[in-house]
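Accompanying notes for the structure given below.
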Number of protein chains: 2
Amino acid sequence: MTQASAPIDLSQLRRSCRACGLLELCLPAGIDQAELERLDSSVRDKRTLESGGMLFRQGDPFHALYVVRSGTLKTVVQDADGAQQVLGFHLPGEIVGVDALAHDTHQSSAEALERSSICELPYSRLEELTSQIPGLQRQLLRIVSREMVAEQSHVVTMGRQQAQERLAIFLRSLSERYGRLARDTTHLILPMSRYDIANYLGVVVETVSRLFTRMEDLGVLRVSRKVIHILRPDMLGEMCGAGGARERAGRAS
Amino acid sequence: MTQASAPIDLSQLRRSCRACGLLELCLPAGIDQAELERLDSSVRDKRTLESGGMLFRQGDPFHALYVVRSGTLKTVVQDADGAQQVLGFHLPGEIVGVDALAHDTHQSSAEALERSSICELPYSRLEELTSQIPGLQRQLLRIVSREMVAEQSHVVTMGRQQAQERLAIFLRSLSERYGRLARDTTHLILPMSRYDIANYLGVVVETVSRLFTRMEDLGVLRVSRKVIHILRPDMLGEMCGAGGARERAGRAS
DNA sequence: GCGGCCAATTGATCTGGATCAGTTCCGCGG
DNA sequence: CCGCGGAACTGATCCAGATCAATTGGCCGC
């Protein structure tokens, strides 16, 4: 490890991050700049997907992790009887493909919701690097664990029985995540369809549509197709937690 | 201690596995027996929990991973407004605590559903070992990824809108998991309460109770409190996939 | 501008599961 | 053996959200 004394050039770093995406993830791993640059050079591969393009499909052999550089992806599973479930949406800077680490095969499909640019990290190269850079290994573990926690929040969201709470939680979390990309967290652009949102939340499209209308009537937000303007973040927050409704189902044991 | 050339003594290995639990997880990592034994000796710490006892609580600092040796645990999250959500049940041989890797803090609580014996793996010790045993690191990554995939299946389950499908999927998966522990997969013992099951599936207790009765009436299984006897695994399987019902909600995009 | 197409919205109706209110079952301590 | 207490089950009712059926709105190619 290098001079703890010389502080890392953050702005330059950010630029590389923007350029590749992975590096952002390595930041907390205590990796110094020289290593970062070395890393960057090895993962510069990029891909561009049109809207609807598939990054990988369920069952594909695993050979790389991916970082979204721009655009948005969704991950979807299709089970035996053809039912689909949207697992998540992936914004710029977020990682995709972690589900394949366990079985050497992708357990879900990743599809672009709009023109997207993706940074590909061949796993063979990554393994090489992790053996050289001790902090990276740990960081990788953190990332996967973080993905697991994200999946858990999804479960918690779907555990809510009021559809309005689910949607409110979804919008709030989206707003928070956009916060890393834009200053204004009150204007959301939803690249996913109403069908995707509905499926993600475990309700039907009509319900999502009606809820948007209801929220608009309540003065919580303004809707115009792909754009949501949150007028009252406080009210949205209230709607997340048992919004005036009675207690949740089955408090355990 | 053995030589790397000699094939691993599987039966002896299994015994150690049973004894500690972690080792099972390392099996595919290409670790030789000498290393396994070294590993075993360092993680032999055990704990016993009575029914209702907490292994860790949401917010606790992270310092160890755990493997269930005997008994059953449940993991639960409690969000801001006090709503609880059961995330999962953990049978003997399964790992718990992975959710803390990302944030150095447990994101959920783990509670024993019956008298349980737990094997504790201090993370500091684990880190030490991973630096010495290359395959272990990779294996750890796999394990966390596997946990993530498990969480994804939970999402898929909760995405089903027919409560009966959810319960059927739950029972089937439980039956499969018990298969690793007992020959007979048609007799399930449910250590968790109906409340836990309901909460896990995102329905209310009454619904679970009624569904059990309905399934019994259909001749799919026999219920007597904690014991479920699956009479017709084939019918149970059918009930998992759009059992005669119409198509699932919002096929995406 | 016009027509076709598809996503989104709205309206009307139906129903599965939530809610409310007991009742039954079973283990346990006296 | 009896009475108590908590979990599980059942029955009656209600309602949020699913389903079915149009309608609207926006975009694109002609």
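Sequence lines set the chain letters: A, B, ... in the order given, protein chains first and strands last, and positions in each chain run from 1. Hydrogens, waters and symmetry mates play no part in the numbers below; they use all other heavy atoms, side chains included.
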What is the distance, to the nearest angstrom, from the [atom1] atom on [X] to the [atom2] atom on [N]?
X	N	atom1	atom2	value
A:Asn199	C:dA7	CG	P	15 Å
B:Glu165	D:dA18	CD	P	14 Å
A:Leu167	D:dG17	CG	C1'	14 Å
B:Ile197	D:dA7	CD1	P	14 Å
B:Leu190	D:dA8	CG	P	10 Å
A:Glu114	C:dA7	CD	P	17 Å
A:Glu216	C:dT9	CD	C1'	11 Å
B:Arg210	C:dG16	CZ	P	13 Å

With respect to the phosphate group of [N], does any side-chain polar atom (N or O) of [X] fall under 4.0 Å of OP1 or OP2?
X	N	value
B:Thr207	C:dA18	yes
B:Gln162	D:dA18	no
B:Gln161	D:dT19	yes
A:Arg194	C:dT9	yes
A:Thr213	C:dT10	yes

message: Are B:Phe62 and B:Phe56 an aromatic pair, judged by ring center distance below 6.0 Å?
response: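 Ring-ring flag for B:Phe56/B:Phe62: false, centres at least 6.0 Å apart.
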
Ring centroid separation B:Tyr200 to B:His154 under 6.0 Å =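 Yes, the ring of B:Tyr200 comes within the 6.0 Å limit of the ring of B:His154, centre to centre.
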
Check your understanding: Quick one: the side chain of A:Glu206 and the base of D:dC20, do they pair up donor-acceptor inside 3.5 Å?
Key ->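 A donor-acceptor contact between them is present.
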
- Taking for each residue the nucleotide of DNA chain C bearing the nearest heavy atom, is the 5' side occupied by A:Val223 or by B:Arg225?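 That would be A:Val223.
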
- Query: Any luck finding a side-chain donor-acceptor pair between B:Glu114 and B:Thr72 under 3.5 Å?
  - Reply: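 There is such a pair (donor and acceptor under 3.5 Å, judged by atom type) between the side chains of B:Glu114 and B:Thr72.
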
Check your understanding: Can you tell which of A:His90, A:His106, A:Gln107, A:Gln58 makes a side-chain hydrogen bond (donor to acceptor under 3.5 Å, both in side chains) with A:Thr75?
Key ->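 The side-chain hydrogen bond (donor to acceptor under 3.5 Å, both in side chains) with A:Thr75 is passed solely by A:His90 among A:His90, A:His106, A:Gln107, A:Gln58.
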
**Request:** State, with a plain yes or no, whether a side-chain heavy atom of A:Ser209 is found less than 4.5 Å away from one of A:Leu211.
**Result:**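 Counting from C-beta outward, A:Ser209 and A:Leu211 never come under 4.5 Å.
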
Among the nucleotides [options], which one has an atom lying closest to any side-chain atom of [X]?
X	options	result
A:Ser209	C:dA8, D:dT19, D:dC9	C:dA8
B:Arg214	C:dG17, D:dC9, C:dT9	C:dG17
A:Val203	D:dA18, C:dG17, C:dC26	D:dA18
B:Lys226	D:dA18, D:dA8, C:dA7	D:dA8

